[in-house]
Amino acid sequence: MKNTFNILFTVKMYYILFILISCTVINGQSENQKWVGTWTTSPQLVEPQNNPPVPPGLSNNTIRQIVRVSIGGNLLRVRFSNEFSSSPVTMNAVHIAVSKGNGLIDKSTDRALTFNGKTEVTMAAGSAVTSDPLEFDLTPLTDIAITIYFGNTSRDVTGHPGSRTTSHILTGNNVDKEDFTGAITTDHWYVINTIEALASDSAFAVITLGNSITDGRGSGTNKQNRWPDELAKRLQGNLETKQVAVLNAGIGGNCVSKQCLGPSALSRFERDVLNQSGVRWLIILEGINDIGGSNSIDVADDLIEAYKQMIYYAHSKGIYVFGATLLPMKGSSYYSDVHEAARQKVNDWIRNSGYFDAVIDMDKALRNPEDTLSLLPEADTGDHLHPNETGHRMMAEAVDLSLFTRTEPVTVDTKSHSIFLEPECGTMGSNWQVVSDDNASNGKYVMVKNGLESLNQAPVGKDDVITLSFTVDSTSLYYLMARVNCATYNDDSFWIRADNGDFRMYNGLVSNGWEWKLLDSYQFESGEHIITVAYREDGAALDKLVISNLQFLPIGKGDSAINLCGTTDIKDSYEKNVGFILQQNYPNPFNPRTRITFKINKANEVSLKIYDLLGKEILTLIEGYKQAGEYAVDFNANKLSSGIYICKLLVGKNADSKKIVLMK
């Protein structure tokens, strides 16, 4: 009897120990670990001429694609993208393994990915999916094979044409086949997007944002020697930087503005930079295509303003930003006296403005000392614009590795004051309608009812307008921007006025899907103000407004609005799924007091805390067991300095957070 008791006691203790160890892991992430991207490629629409060969194509066939990771880990997950396709894509099965080259894998490492526990997943048009965490012995700088057995696919497939690696395609289901000998080959990637590794808290990633030079043009196919690859090798060879991953966000032909083909650096900044896991540094090498596509030196000023915007949003996420000077281009199709003057103006600003946290002088590293406006002959592919394999290595060598050992907090500009407003939550006339859309902020947008137009003057009846009130804390010049979706020039305008001023017409707001547009600027005195929106053309869709003292277009859907409606479909769905809702504080920004409200649907352990941007706990507002109901907490930040803070609500094991801005 005693032995039986001892056995049961031992089993029980092991079970308790297992539970305690398991409780330190949340969503596959332990307290001293986090997800960090170890490889990525920026998704875009793959042109039909760059689709896989026909036969066999992708539908109902298998493709094996090769990528090289930077840092390692024992647990990974993979993101796949269908964001630029117009129809769904089904992956019947996905495997991952160590590549041995030429389509061959190390069979002992072959593992199947799952998605919510299932091996099959369908990505809707415009969406992406991430696999479940998978145990995998991921060694740094290892070539990994991702093998996908597709169901039906879209012809306008999402992918990345400039892979510089060979993909292998076999007909039918060959997802677990070791050898792809005889496969059709193509040097493009399809639907694969990012690999993340579960790494230690000391691990971080650097993103290289750029065009074809960063994408690897001039490097060797299957050699993995783009300049970001060469940088990853250098980081791994240095003891102090072995935990630094490199994520290549280069796209061939990419521009900073909208004049280039494909998503611009600004339009993709949120997805390809801000939303990546574990990012601490950003290197920007963008702008040469903007200069080459313009005939005016004024393009330099446009680039500088765009750099400022990217720096601002990266800093707000705690990301250091390093500016890389633009490479010489004399002798290329881009070169002229005007183009060169624009390049010199941009490079001078990068070097001397002080906006960047550091400067990486790629121009100086690769220019010909005999003719400083041209590339070194030994680094030139021959087109006098793109570096060759030697040039890519030299670019990586120009990066000071000590940049990735800095630990002090990123300096955040706290002078910004941006107020976001949801039109559907204002006082809305009966001639307007609210439309549901998952891609709209708050899940909804507004447009005038069909058939109503007022082209010559603004309609001013109470049924014709939407009024939105807001308060600014200081007298300043403020910019009005709107997130609109206007498909054609026949449905792209509104009438808007500030306070009791005259209505102004805003026309020509044609957009490619949802986009932010700069509308106007106003000198607002400290205090309360009103924006009134009237319709001009039916079909013009309005999602959100922002009043800001910065002339920076917001990223994505922008921050939470100060006037969120009392109940929305999104709120109802969120409460149903997790049992609570955390509202945006009001006012926001604030000085020094603000009110934070939340609701829980059932009794639970609750904590409400304030953190800084580095994750350091500043203050506990609530801690303990709370009954179901609505709660409001007045937060006095008189002892804190101006800046951006995080308000985090934890209910049971579920959490939500909001960014709050203190402006003194």
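For clarity, every value in this text was computed on a predicted model and none was experimentally measured.
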[X] versus [Y], closest heavy-atom pair with distance:
X    : Y    : result
N289 : C255 : CB-SG, 3.6 Å
A603 : Q627 : CB-OE1, 3.7 Å
E605 : G624 : OE1-C, 3.5 Å

task = Among I251, L266, L303, V256, find the one that has a side chain to side chain contact (heavy atoms under 4.5 Å, CB included) with E286.
result = V256
ask   = Is the distance between the ring centroids of Y506 and F494 under 6.0 Å?
value =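 Y506 vs F494: aromatic centres not under 6.0 Å.
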Taking side chain to side chain contact (heavy atoms under 4.5 Å, CB included) as the definition, give me every residue that meets it alongside [X], ordered by chain and number, with sequence neighbours left out.
X    : answer
K648 : Y611, A655, S657
T158 : P43, S81, N82, F84, S85
N92  : T90, E120, Y149

Which value, rounded to the nearest 0.5 Å, describes the distance between [X] atom [atom1] and [Y] atom [atom2]?
X    : Y    : atom1 : atom2 : value
I547 : L480 : CD1   : CG    : 6.0 Å
S154 : L58  : OG    : CG    : 10.0 Å
L650 : N604 : CG    : CG    : 8.5 Å
R271 : E83  : CZ    : CD    : 5.0 Å
Q584 : N563 : CD    : CG    : 11.5 Å
D464 : T532 : CG    : OG1   : 12.0 Å

Validation: residues 124-131 side-chain donor-acceptor distances under 3.5 Å, sequence neighbours left out:
residue	atom	partner	partner atom	Å
S127	OG	A124	N	3.0
S127	OG	A124	O	2.6
S131	OG	V78	N	2.9

request  = Check side-chain hydrogen bond (donor to acceptor under 3.5 Å, both in side chains) between N211 and all other residues, then give those that pass, not counting sequence neighbours.
outcome  = none
task = Please name all residues satisfying side-chain hydrogen bond (donor to acceptor under 3.5 Å, both in side chains) with E537, sequence neighbours left out, ordered by chain then number.
result = S493
State whether [X] and [Y] are salt-bridged, where the test is any N-O pair (Lys NZ or Arg NE/NH1/NH2 against Asp/Glu carboxylate O) under 4.0 Å.
X    : Y    : answer
K609 : E617 : yes
K544 : E515 : no
K626 : E630 : no

Residue pairs passing the salt bridge (charged side-chain N to carboxylate O under 4.0 Å, His left out) test where at least one lies in [range], sequence neighbours excluded:
range            : answer
residues 525-534 : none
residues 468-480 : none
residues 476-504 : R483-D543, R504-D520
residues 550-559 : D559-K659

Check: [Y] main-chain N/O paired with [X] side-chain donor or acceptor under 3.5 Å:
X    : Y    : answer
N442 : K444 : no
N585 : P587 : yes
E623 : L608 : no
N601 : F580 : no

Parallel, tilted or perpendicular, judged at 30° and 60°: which one describes the rings of [X] and [Y]?
X    : Y    : value
Y313 : F552 : tilted
H160 : W189 : tilted
H529 : F524 : tilted

Less than 3.5 Å apart, which donor and acceptor atoms pair up between the side chains of residues 449-463 and the rest of the protein, not counting sequence neighbours?
residue	atom	partner	partner atom	Å
K449	NZ	S430	O	2.9
S454	OG	Q457	O	2.3
D463	OD1	S430	OG	3.1

ask   = Strictly by modelled atom types, are N254 and R268 linked by a side-chain donor-acceptor pair under 3.5 Å?
value =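 R268 and N254 do have a side-chain donor-acceptor pair below 3.5 Å.
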task = Could you verify whether a donor N or O on one side chain and an acceptor N or O on the other, from N549 and S476, lie under 3.5 Å apart?
result =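 Judged by distance alone, the side chains do not pair up.
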task = Would you please test F598 and Y631 for ring pair (Phe, Tyr, Trp, His ring centres under 6.0 Å) and show each step?
result = CA-CA 5 Å; F598 64 91; Y631 294 85; 5.3 Å; yes
Residues in salt bridge (charged side-chain N to carboxylate O under 4.0 Å, His left out) contact with E196, at least two apart in sequence or another chain = R77
